[in-house]
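Just so we're on the same page: letters track the sequence lines, and every chain starts at 1.
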Number of protein chains: 2
Amino acid sequence: MDVSHQAAGSPGGDATARCRRLLEPALREAVSALHPWGAKMAAHTLGWSDADGGPLVAGGGKHLRPTIAMLCAEAVGAPPEAALPGAVAVELVHAFSLVHDDIIDHDERRRHREALWKAYGVGPALLAGDSLLALAVDQLTDAPVAMRYLSRALIELVRGQTEDMAFENRPWTGPGEVTVQEYTQMAAGKTGGLLGAAAAAGVALGGAPGLAEPLWTMGRELGVAFQIVDDLLGLWGDPAVTGKPIHNDLRRGKKTLPVLAALAPSSPLAEARPAGRAARELSGLLASDALDDDEVRRAAGLVIEAGGRTAALDQARLHLTTAMEIVVECLPEATELRDLCLSLVERSH
Amino acid sequence: MDVSHQAAGSPGGDATARCRRLLEPALREAVSALHPWGAKMAAHTLGWSDADGGPLVAGGGKHLRPTIAMLCAEAVGAPPEAALPGAVAVELVHAFSLVHDDIIDHDERRRHREALWKAYGVGPALLAGDSLLALAVDQLTDAPVAMRYLSRALIELVRGQTEDMAFENRPWTGPGEVTVQEYTQMAAGKTGGLLGAAAAAGVALGGAPGLAEPLWTMGRELGVAFQIVDDLLGLWGDPAVTGKPIHNDLRRGKKTLPVLAALAPSSPLAEARPAGRAARELSGLLASDALDDDEVRRAAGLVIEAGGRTAALDQARLHLTTAMEIVVECLPEATELRDLCLSLVERSH
């Protein structure tokens with residue numbers, strides 16, 4: 001077992017920066033296979049340039065998924081390079097999903113810049129998303145185990161996105177209401193699948209395919225926690241930090257966990273005062289067709305009063321704990337991976 | 001070598017019907033993994049139901065790509081079932097590409113029905129397209145050679161679509177004009193890649209992976225011929241048969257081969273009368289920003305006068321001949337495959 005890289009993997013090492021150094025050249029190499037127009041749109045999406053093709057000094061995402069893939073490979077004794085095809089694939093699928101999500105949700109801003117469809121039009125952006133997905137699949141044609149998890153993640157991703165979209169047409173309360181259980185399944189698919197594929201591909205490419213299945217499960221649990229934190233940031237995050245406008249989810253009736261938890265009759269807080277009153281007022285507010293800015297702010301406040309914020313954070317910690325138990329059992333030495341996962345619940349963007 | 005199926009593969013056997021019998025249950029099985037809403041949209045796309053979910057007696061496509069995959073497997077001595085995962089995958093990728101194409105091109109009709117985005121909205125249709133692609137990839141996770149060609153086809157497909165879209169912003173004549181060579185490369189990617197993957201996956205799954213590469217090339221050549229015929233049908237086909245409105249391509253400045261060939265200075269007909277006069281009038285017409293119905297009809301007539309229709313048909317036959325030479329060399333017994341490919345250039349829809 002090659003342990004020469006273990007020093008770099010010790011706590012305090014900057015895993016994300018280490019990942020970025022390996023990832024970026026490989027991502028640029030992958031994107032160079034595209035039509036120049038597609039490559040330009042990919043550069044916008046990946047944070048390498050603005051809409052005019054000019055370079056950006058900072059930008060890009062947190063590279064969470066590729067970092068997980070590389071840390072998982074390291075944790076089974078392989079150099080991080082072993083996970084590179086998987087790391088590139090999951091980052092490309094993530095980019096693909098953001099591009100298509102922004103079209104679906106009519107979100108005009110992403111990562112402090114114009115969303116791709118806003119900068120280039122819906123048709124070109126749609127196609128750019130497709131091309132990122134095509135490149136992702138191409139990374140793993142020689143790695144069948146990793147490919148199997150990438151494929152599973154894709155199916156879970158679109159199933160979760162479809163559920164999420166279908167939830168918007170369902171009521172907050174009463175017959176047909178979205179349950180916390182349904183939310184959890186949606187988040188495990190929409191957000192967890194790709195985290196699971198990152199971890200599973202990492203260990204598989206690192207030479208331990210037998211660990212792929214539990215790490216897939218780990219990623220799905222982590223994904224639920226991650227999605228809940230995303231929901232919380234959408235309600236109470238700082239748009240200057242998150243790069244996205246606040247309260248969008250509330251405006252469009254997106255079924256986020258803090259609000260579901262605030263309204264859930266099974267919530268331990270629902271019958272207590274003032275939580276019960278807050279939940280009833282919230283329910284009334286959300287029943288109206290369109291909320292103005294004041295009503296949206298009022299609703300966000302009522303979610304806190306009704307205990308939705310606390311309940312959502314509790315749920316996030318619960319799923320994070322399950323994920324961490326799997327990491328500790330399967331990859332006991334993976335302290336950096338644990339630190340990274342734990343940081344996801346305390347993040348501000 | 002099992003030859004028990006060869007009787008069914010004899011000329012006169014209905015390859016498409018035989019393929020459909022195997023394909024449809026496998027496609028339905030694949031689609032059943034989707035969210036019910038996604039499955040409903042897939043059923044609309046695949047021609048199994050109308051927008052309300054009611055069953056359709058007739059419908060669906062020609063199953064050209066899966067039929068090619070199965071005939072290729074048979075031609076190397078395997079039963080058609082061997083090619084089934086590849087057949088399902090290429091049909092799903094084809095369906096995915098139609099769904100996204102209609103969004104990109106704002107085409108409201110497809111196969112005599114509403115396009116999916118028109119029936120369900122852009123966001124849901126976009127996601128339904130993504131889910132078809134995810135299912136396609138999932139078919140081949142245990143067949144690495146076939147997967148490699150599917151992946152190559154995906155990259156070629158989006159590159160070709162991007163080129164096609166970029167062509168719309170380029171002039172018909174003068175500096176920056178689209179050349180016949182550029183058109184051919186676009187069509188080989190956009191239309192040929194998936195036909196190549198169908199053939200390559202067919203022989204690979206049939207047990208002859210060594211034939212995959214020449215059959216990939218065969219499919220790309222066939223694709224160019226197929227695309228040219230599509231262009232011809234878009235100009236002179238019967239909308240009642242093709243299921244698509246006529247002259248759409250001309251209206252939006254799509255760079256189709258008949259028009260490019262009519263305008264090309266290298267065309268042997270360009271300097272002859274009345275072809276030269278027709279080409280000049282056509283060029284003048286196309287230079288105006290938007291054509292009315294009369295002008296579009298006039299332009300289509302001028303394409304014929306300038307020799308564009310004849311030249312395009314010649315090109316289609318040329319690429320078909322190259323494709324057929326590969327079939328004869330690699331799969332000399334594949335008479336049904338040859339008949340199918342030849343029929344593509346004589347088709348009316």
Side-chain angles (χ1 to χ4, degrees), chain A residues 30 33-39 41 93 96-97 100-101 103-106 117 121-166 168-169 186 189 193, chain B residues 30 33-39 41 93 96-97 100-101 103-106 117 121-166 168-169 186 189 193:
Chain A
L34 296 178
H35 182 279
W37 195 14
M41 288 191 274
V93 171
F96 142 81
S97 77
H100 281 192
D101 264 2
I103 297 174
I104 293 166
D105 292 342
H106 307 286
W117 69 269
V122 168
L126 191 165
L127 203 45
D130 290 346
S131 69
L132 294 168
L133 180 52
L135 289 181
V137 171
D138 201 47
Q139 299 301 309
L140 294 177
T141 50
D142 291 326
V145 177
M147 179 70 102
R148 208 166 302 141
Y149 285 96
L150 187 78
S151 170
R152 231 199 250 184
L154 279 174
I155 289 178
E156 288 285 293
L157 176 66
V158 291
R159 190 186 52 69
Q161 286 174 311
T162 310
E163 279 168 355
D164 198 24
M165 195 162 58
E168 293 187 29
N169 302 320
M186 177 280 291
Chain B
L34 296 177
H35 183 279
W37 195 15
M41 287 191 275
V93 171
F96 141 82
S97 76
H100 280 193
D101 264 2
I103 298 174
I104 293 166
D105 292 342
H106 308 285
W117 70 269
V122 168
L126 191 165
L127 204 44
D130 290 345
S131 69
L132 294 169
L133 180 52
L135 289 181
V137 172
D138 202 48
Q139 299 300 310
L140 294 177
T141 51
D142 291 328
V145 177
M147 178 70 101
R148 208 167 301 142
Y149 285 96
L150 187 78
S151 170
R152 231 199 249 184
L154 281 174
I155 289 179
E156 288 284 294
L157 177 66
V158 291
R159 190 185 52 68
Q161 286 174 310
T162 309
E163 279 168 355
D164 198 24
M165 194 161 59
E168 293 187 28
N169 302 320
M186 176 280 291

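Ranked by heavy-atom pairs shorter than 4.5 Å toward chain A, the options A153(B), A166(B), G38(B), G189(B) are led by A166(B). For the set M41(B), E163(B), R152(B), H100(B), the entry with the most heavy-atom pairs within less than 4.5 Å of chain A is H100(B).
Both the backbone and the side chain of P124(B) come within less than 4.5 Å of a heavy atom in chain A. Within the 4.5 angstrom heavy-atom criterion, only side-chain atoms of L133(B), from C-beta onward, approach chain A. In this structure, chain A has no heavy atom under 4.5 Å from any part of D101(B).
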Please lay out, stage by stage, how V158(B) and H35(A) fare under the test side-chain contact (heavy atoms from CB on, under 4.5 Å). CA-CA 9 Å; V158(B) 291; H35(A) 182 279; over 6 Å; no
For L126(A) and I103(B): C-alpha separation, side-chain torsions, deciding distance, then whether side-chain contact (heavy atoms from CB on, under 4.5 Å) applies. CA-CA 9 Å; L126(A) 191 165; I103(B) 298 174; 3.6 Å; yes
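Test I104(A), L154(A), L157(A), D130(A) against D130(B) for side chain to side chain contact (heavy atoms under 4.5 Å, CB included) and you get one pass: D130(A).
Contacts of I155(B) classified as side-chain contact (heavy atoms from CB on, under 4.5 Å), with partners at least two apart in sequence or in another chain: A134(A), L135(A), D138(A). Residues passing the side chain to side chain donor-acceptor pair (under 3.5 Å) test with E156(A), sequence neighbours excluded: R159(A), R220(A).
Across D142(B) and R148(A), no two heavy atoms sit closer than the pair OD1-NH2, 3.3 Å. The two residues M165(A) and L127(B) have their closest heavy-atom pair at CE-CD2, 3.5 Å.
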